[in-house]
Amino acid sequence: MEALPDVLAVALLLLGTLLCLTAGLGLLRFPDVLTRMHAGTKPQVLGVLLIMVGAAIRLQGWSATWMLLLVAAFQMLTAPVSAHMISRVAYRRRHVRRDRLLVDELHTGGEMRDSVYRGDEPADAPPEEPGRALVESRREDLDGPPDAGGRQPS
């Protein structure tokens, strides 16, 4: 019976480190920003919380428990906010494949005015055909954006 807290602490520590390891592997293996962000926050936060609980059980001191509680609280406060900000910046910089989004709450509703960048390339990437892209961009500035069929308004 005396070894029960130690066994529970070791189990929580091992489970937390396993979750942190899977978060790191997800950061390396997943293809795009949003899935990497998901892998970097969800299992990482739960893994850190399990490690904190396991350490609090093992250390059995009020000063250590309060410190671990503060670390867990800061982890729970900062990880979701940073993930949200990273995803918004990635969306605005066009590092997100918008065709794979089920719900696009940041899309303004109209047709995309930008005819130069159509894919999932970053906004600061040069266009594939710079001369044609410059002509199309100037035509859009003078005539307005194309309609839904891709034709210029007359």
Side-chain angles (χ1 to χ4, degrees), residues 9-57 64-154:
V10 167
L12 289 172
L13 288 169
L14 288 176
L15 187 61
T17 55
L18 181 67
L19 282 171
C20 290
L21 177 67
T22 59
L25 290 175
L27 286 173
L28 293 175
R29 299 285 299 171
F30 285 150
D32 61 345
V33 174
L34 296 181
T35 54
R36 286 180 184 165
M37 176 203 58
H38 182 78
T41 54
K42 301 259 182 188
Q44 177 67 28
V45 170
L46 183 59
V48 168
L49 290 177
L50 288 175
I51 289 172
M52 296 299 132
V53 170
I57 291 172
T65 303
W66 283 109
M67 181 187 63
L68 293 172
L69 183 66
L70 282 173
V71 169
F74 284 131
Q75 179 72 21
M76 288 178 58
L77 288 173
T78 58
V81 173
S82 63
H84 178 77
M85 296 310 294
I86 288 170
S87 65
R88 285 183 65 95
V89 167
Y91 183 88
R92 294 185 192 286
R93 299 280 307 201
R94 295 187 187 107
H95 290 285
V96 173
R97 288 195 50 197
R98 294 178 182 172
D99 61 329
R100 297 186 71 198
L101 297 176
L102 296 178
V103 176
D104 190 357
E105 294 177 354
L106 295 177
H107 186 63
T108 58
E111 274 296 311
M112 297 292 284
R113 181 162 191 258
D114 194 0
S115 65
V116 177
Y117 298 105
R118 294 190 174 102
D120 120 54
E121 69 272 351
D124 54 354
E128 290 181 12
E129 298 176 20
R132 185 181 62 86
L134 182 62
V135 169
E136 286 180 18
S137 176
R138 287 185 178 159
R139 185 179 309 132
E140 281 182 5
D141 289 341
L142 295 174
D143 300 336
D147 63 2
R151 296 177 301 271
Q152 292 290 337
S154 43

Enter the distance from [X]:[atom1] to [Y]:[atom2] here, rounded to the nearest 0.5 Å.
{"X": "L15", "Y": "T17", "atom1": "CG", "atom2": "OG1", "answer": "8.0 Å"}
{"X": "L14", "Y": "I51", "atom1": "CG", "atom2": "CD1", "answer": "9.5 Å"}
{"X": "I57", "Y": "T65", "atom1": "CD1", "atom2": "OG1", "answer": "9.5 Å"}

Pairs of donor and acceptor atoms involving the side chains of residues 41-50, under 3.5 Å and at least two apart or interchain, shall be tabulated with distances.
unit_1	atom_1	unit_2	atom_2	d
T41	OG1	M37	O	3.0
T41	OG1	H38	O	3.4

Go through the structure and list residues passing side chain to side chain contact (heavy atoms under 4.5 Å, CB included) with A55, not counting sequence neighbours.
-> L68

Would you please name every residue forming a side chain to side chain contact (heavy atoms under 4.5 Å, CB included) with A39, sequence neighbours left out?
-> F30

For residues 69-89, the side-chain hydrogen bond (donor to acceptor under 3.5 Å, both in side chains) pairs (sequence neighbours left out) are none

What pairs meet the side-chain hydrogen bond (donor to acceptor under 3.5 Å, both in side chains) rule with one or both residues in residues 24-35, with sequence neighbours excluded?
-> D32-T35

With sequence neighbours excluded, what pairs up with T22 under the side-chain hydrogen bond (donor to acceptor under 3.5 Å, both in side chains) test?
-> none

On a heavy-atom basis, the closest approach of V33 and A90 is CG1-CB, 3.5 Å

